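Let me begin by presenting the structure, written as structure tokens, before commenting on it.
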Amino acid sequence: MTVAIYYFRNDLRLEDNPAFILACKNADFLLPIYVHEQKLEEETRWGFSRLGQHRKAFLQDSLEDLRTQLRYLGSDLFELAGDFKEVFSALRTQLGINLIYCEQIVAPEELEQVRVLKTIGFEVISSWQSSMLNPHSLLFKLEDMPDVFTQFRQQVEKQKLRFANPVEAHVSIPPLLAGSKALSQKTYVDMLSSKKSFLGGESKALLHIEQYFDRRLPDTYKQTRNQLIGLDYSSKFSPWLASGCCSARSIAKKLTEYELEYGANDGTYWLWFELLWRDYFRFLHFKYDNKLYRSTGLSTEPNNPFIEIIFKQWSSGSTGESLIDAGMRELQGTGYLSNRMRQIVASYWIYNMKGDWQAGAAWFESQLIDYDVYSNQGNWLYIAGKGTDPRGGRPMNLAKQTQDHDPDGIYRKIWLS
């Protein structure tokens with residue numbers, strides 16, 4: 001008799017979840033859990049929580065949606081909270097389970113989690129499943145991948161790679177182990193129900209993706225993606241992708257089917273192009289691992305010092321620069337910011353305010369509902385010139401960005417009034 005834990009991480013879905021399907025196939029009894037880690041409630045060294053209220057609210061939506069699906073299929077989701085090692089040690093003692101299935105995440109803290117689980121006696125079977133492409137389909141090993149995105153993209157396109165085939169949801173889930181119902185559960189108190197811009201969960205993700213394609217919005221994606229206002233200017237897939245409520249492979253498959261029906265164009269290509277950027281930031285972690293998390297990144301140049309009063313001006317939207325302040329207030333008020341505004345405010349923090357890029361990255365981690373460890377780190381390294389980008393940094397001209405993206409001041413009026 002095989003008894004296993006399925007440890008949900010950033011894969012809060014049943015559809016196209018190979019790790020969960022593998023657990024369902026191999027286990028006679030399966031305990032699905034999610035762990036709210038104590039350290040995410042603690043303050044960073046810059047003086048704020050790693051998990052802001054907007055992220056908590058979106059996460060809780062997503063977990064409730066997942067629980068509903070699991071209960072419909074005769075299972076359940078158990079939310080546990082506390083010190084990571086203590087939570088799993090108690091589970092092992094209480095239920096005698098030694099086997100864990102989970103998705104593979106190759107960022108430092110997530111790799112450390114797996115190492116800890118093994119040291120306390122668990123067998124851990126993890127599966128890579130968060131990218132659009134299958135890493136094994138590439139002609140190069142990820143440890144030897146091209147540093148520059150353009151070269152990476154050209155090799156992918158030369159191979160005519162589009163996406164790895166998603167897998168269907170597993171409709172038969174092994175029963176819960178006797179005694180598991182007695183496990184204590186923890187849920188966050190949602191204080192932002194009336195202010196949510198996005199609702200978490202796989203069911204919401206699938207509805208959003210369906211309406212996006214039904215309304216033929218991919219056709220205009222390239223022309224509108226840098227706009228600052230409105231739901232339809234970009235795909236808005238990122239909140240659900242970041243928490244794993246949907247998969248990049250499923251979106252890419254739907255995009256290919258859309259092109260077969262309506263024809264490919266600049267918009268559909270650019271949507272795939274952005275999903276490829278997402279893969280690129282993931283795959284770089286296989287090559288550079290912890291080096292991406294040093295204050296110098298991959299460069300030899302020292303980081304800017306952290307000055308608290310300056311940081312508070314930037315993070316609260318009190319710099320005196322109207323576009324920057326509007327962007328930072330939107331972020332704090334909604335947990336979301338357009339990709340263009342993320343680049344603008346990050347550039348301003350690093351190059352105009354001479355700020356610590358790691359503090360900026362940590363603030364985005366705290367605030368963004370679509371925080372993704374790979375993309376967040378990759379984008380901040382890119383702007384700061386501490387990653388693989390050959391240009392050595394991406395400072396932006398604020399006056400030009402303002403004229404290009406908010407010439408009439410409508411965006412600033414919304415967030416500064």
Side-chain angles (χ1 to χ4, degrees), residues 8-17 20 32 34-36 40 49-73 75-79 81 130 169 185-215 217-218 221 225 227-248 250-251 254 271 274-275 278 329-339 341-342 364-373 375-376 414-415:
F8 280 100
R9 305 175 91 187
N10 290 337
D11 59 332
L12 305 182
R13 66 182 185 276
L14 299 185
E15 185 177 290
D16 190 33
N17 190 330
F20 184 71
Y34 183 88
V35 178
H36 298 280
L40 293 181
S49 171
R50 289 185 62 184
L51 194 63
Q53 289 299 313
H54 293 289
R55 279 190 67 198
K56 284 184 182 181
F58 190 87
L59 171 62
Q60 201 55 55
D61 283 343
S62 302
L63 293 172
E64 290 294 345
D65 188 89
L66 179 60
R67 178 181 290 107
T68 298
Q69 293 187 67
L70 287 168
R71 285 179 174 174
Y72 179 77
L73 296 171
S75 186
D76 207 340
L77 178 68
F78 295 89
E79 293 181 57
S130 70
Q185 296 196 24
K186 169 323 173 22
T187 59
Y188 285 112
V189 177
D190 182 359
M191 303 298 290
L192 297 170
S193 298
S194 62
K195 299 181 181 179
K196 293 177 185 176
S197 301
F198 300 89
L199 296 174
E202 182 176 14
S203 62
K204 304 297 189 301
L206 297 179
L207 285 172
H208 175 76
I209 293 166
E210 194 68 30
Q211 67 84 30
Y212 184 81
F213 283 97
D214 284 348
R215 295 166 62 209
L217 291 174
Y221 177 77
R225 66 193 174 88
Q227 293 178 11
L228 308 184
I229 304 168
L231 182 63
D232 295 338
Y233 66 76
S234 65
S235 72
K236 303 297 189 300
F237 296 154
S238 62
W240 294 286
L241 278 170
S243 53
C245 295
C246 60
S247 79
S250 295
I251 292 173
K254 195 163 186 66
L271 197 54
E274 295 293 356
L275 289 170
R278 183 176 179 273
R329 291 182 195 184
E330 180 187 8
L331 173 60
Q332 206 164 18
T334 68
Y336 191 81
L337 201 59
S338 68
N339 182 61
M341 278 306 304
R342 293 181 201 199
F364 273 25
E365 175 185 357
S366 174
Q367 298 298 304
L368 287 169
I369 59 171
D370 62 351
Y371 166 73
D372 172 285
V373 61
S375 295
N376 193 62
I414 291 172
W415 293 106

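All figures in this text were calculated on a predicted structure; none of them were measured in a lab. What you see below is based on every heavy atom in this structure, not just the backbone, and it leaves out hydrogens, waters and symmetry mates.
Considering every non-hydrogen atom in both L63 and L77, the closest pair reads O-CD2, 3.6 Å. Annotation for L199 and W240: closest pair O-NE1, 2.9 Å, computed over non-hydrogen atoms. Nearest heavy-atom pair, L70 versus D76, reported as atom, atom and distance to 0.1 Å: CD1-O, 3.5 Å. Across S75 and P32, no two heavy atoms sit closer than the pair OG-CG, 3.4 Å. Across every non-hydrogen atom of A205 and C246, the tightest pair is CB-CB, 4.0 Å. Across all non-hydrogen atoms, the minimal contact from E202 to L14 is OE1-N, 2.9 Å.
Side-chain atoms of E15 and Q69 include no donor-acceptor pair closer than 3.5 Å.
Take S366 and apply the side chain to side chain contact (heavy atoms under 4.5 Å, CB included) test, not counting sequence neighbours, and it matches F48. For the side chain to side chain contact (heavy atoms under 4.5 Å, CB included) test, residues two or more places apart in sequence or in another chain that qualify with L231 are F198, K236. R215 meets the side chain to side chain contact (heavy atoms under 4.5 Å, CB included) test with Q211, L217, D232; sequence neighbours excluded.
Two residues are said to be in side-chain contact when any heavy atoms from C-beta on lie closer than 4.5 Å; H36 and L59 meet this criterion. Side-chain contact between E330 and L228 is absent, with no heavy atoms from C-beta onward closer than 4.5 Å. You'll find the side chain of K204 stays beyond 4.5 Å of the side chain of D61, heavy atoms only. Contact check for N339 versus S234: no side-chain heavy atoms found under the 4.5 Å cut-off. You'll find the side chain of V373 reaches within 4.5 Å of the side chain of Y371, heavy atoms only. Between Y34 and L12 the shortest side-chain heavy-atom distance falls below 4.5 Å.
The residue from S243, S238, P239, S62 that alone fulfils the side chain to side chain contact (heavy atoms under 4.5 Å, CB included) condition with I369 is P239.
The main-chain N or O of L331 is never found under 3.5 Å from a side-chain atom of H54 such that the two would form a donor-acceptor pair. The backbone N or O of L368 lies less than 3.5 Å from no partner atom in the side chain of D370, so there is not a single donor-acceptor pair. Judged by distance alone, with hydrogens and angles left aside, the side-chain atoms of R55 form a donor-acceptor pair with the main-chain N or O of R50 at under 3.5 Å.
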Step by step, work out the side-chain contact (heavy atoms from CB on, under 4.5 Å) result for I209 and K254. CA-CA 9 Å; I209 293 166; K254 195 163 186 66; 3.8 Å; yes

Please assess Y212 against L271 for the test side-chain contact (heavy atoms from CB on, under 4.5 Å), listing each intermediate value before the final yes or no. CA-CA 12 Å; Y212 184 81; L271 197 54; 4.1 Å; yes

In sequence, state the C-alpha distance, the side-chain angles, and the governing distance for Q367 and L337, and then conclude on side-chain contact (heavy atoms from CB on, under 4.5 Å). CA-CA 10 Å; Q367 298 298 304; L337 201 59; over 6 Å; no

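With rounding to the nearest 0.5 Å, the separation of OG in S250 from CZ in F237 is 11.5 Å. Distance check: E79 CD to E64 CD gives 6.5 Å after rounding to the nearest 0.5 Å. Annotation: the span from L275 atom CG to I251 atom CD1 amounts to 6.0 Å, rounded to 0.5 Å. Within the model, atoms CZ of F58 and CD of Q53 stand 15.5 Å from one another, a figure rounded to the nearest 0.5 Å. Taking OG from S247 and CG from L241, the interatomic distance works out to 8.0 Å, rounded to the nearest 0.5 Å.
Figure legend: R13 and F8 shown without cation-pi pairing, the cationic atom not lying both under 6.0 angstrom from the six-membered ring centre and within 45 degrees of its axis.
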